[in-house]
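Written out below as structure tokens is the structure these notes cover.
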Amino acid sequence: MSVAVHEAGHAVVAWRLDHRLGWVTVEPGRSFDGCQTSWPAVAADPTDVDPDVPPPLWPAAARRNVEAEVMVLLAGDLAAELFARPTSGYRSPQPAERVIDQLPEPTDGERHHLANAQAEESYDTDDARALALAVVAFGGHRLAAAAPWLTWLQAEARALLTAHADDVLRLADALESRRTLGGDAVYRVLTAV
Amino acid sequence: MTDTDASAQARAEVAAAEQRLEAVRDRGLGEAVNIEQYKLHAARKRLAALTDDDGDAAA
């Protein structure tokens, strides 16, 4: 059930952020336990994502898309923690905190370069993609600002999941029984109330 | 590092970024394509800051 809740968490946050919904599956692949796809409804020009400019000064579509992408990435583990973990007192590390722990030193350009190179090699996990986006967004000299940015995005994603807990659990149930859902089917499950 | 060295390194970074973008496109990694596009733009911007229109090292 936790994989279904994880993938449903990604999908529900993507849906609430007006992303187009693609397929979701809980069938494991070579490098994943499940998978969810979505993309922004309004495409942004990649050149607007400028590491030399603070995200609040980017064109709205660029900022909205990158922040939404990070929120969707963080939402999987957040949903699993909120809705699928046993209440034994154990709490896993928050996904944003894991990503923050991997951020390079904010004032060291060479370490920024290395972290960038490492992130390039691994897009197989949600954490790796969120780390890559944080490094891209904040560049080498403002990485200190990436930590509060990630914490804030995690809080936003958690608030969306909490407000739409019923949607997460309904979609997770559908995934448990049908294993894979196309975008239209996901949308029907989420709007069938 | 001289300006010429920095420009050569920046050109190498652009070439590497172009290869990575091609690689993630080949693998069908949609989210990674976005990220690599952002990185390619950043690498091109760094190169542009180091070179003039003729591609020579900036003074």
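Note on naming: letters A, B, ... go to the chains in the order of the sequence lines (proteins, then strands), and numbering restarts at 1 for each one. No hydrogens, no waters, no symmetry mates; every other heavy atom, side chains included, goes into these values.
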Practice problem: For A/Arg179, look at atom CZ and say whether over 12 heavy atoms of other residues, nucleotides or ligands are found less than 6.0 Å away. | Solution: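 Counting other residues, nucleotides and ligands, CZ of A/Arg179 exceeds 12 neighbours.
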Self-check item: With sequence neighbours excluded, residues passing side-chain hydrogen bond (donor to acceptor under 3.5 Å, both in side chains) with B/Arg25
Solution: none
Practice problem: Apply side-chain hydrogen bond (donor to acceptor under 3.5 Å, both in side chains) to A/Asp45 and list each qualifying residue two or more places apart in sequence or on a separate chain. | Solution: A/Thr47
Quiz item: For the side-chain contact (heavy atoms from CB on, under 4.5 Å) test, which of A/Asp50, A/Asp48, A/Val136 pairs with B/Tyr38?
Solution: A/Val136
Quiz item: Of all residues at least two apart in sequence or in a different chain, which pass the salt bridge (charged side-chain N to carboxylate O under 4.0 Å, His left out) check with B/Glu18?
Solution: B/Arg44
Is it true that [X] and [Y] fall in one hydrophobic cluster, defined by side-chain heavy atoms closer than 4.5 Å?
X	Y	answer
A/Val3	A/Trp23	no
A/Val135	A/Trp152	yes
A/Trp15	A/Val42	no

Self-check item: Validation row: A/Trp39, B/Asn34 side chains within 4.5 angstrom (heavy atoms)
Solution: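 A/Trp39 vs B/Asn34: side chains apart.
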Self-check item: Intermediate values then yes/no, side-chain contact (heavy atoms from CB on, under 4.5 Å), A/Arg129 and B/Ile35
Solution: CA-CA 8 Å; A/Arg129 290 193 284 267; B/Ile35 296 168; 4.2 Å; yes
Quiz item: Of all heavy-atom pairs between B/His41 and A/Pro46, which one has the smallest distance, and what is that distance?
Solution: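 Closest heavy-atom pair between B/His41 and A/Pro46: CD2-O, 4.1 Å.
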Practice problem: With a 4.5 Å heavy-atom cut-off (strictly below), which parts of residues 68-76 of chain A touch chain B? List them by number. | Solution: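 Those residues of residues 68-76 of chain A which have a heavy atom under 4.5 Å from chain B are A/Glu69, A/Leu73.
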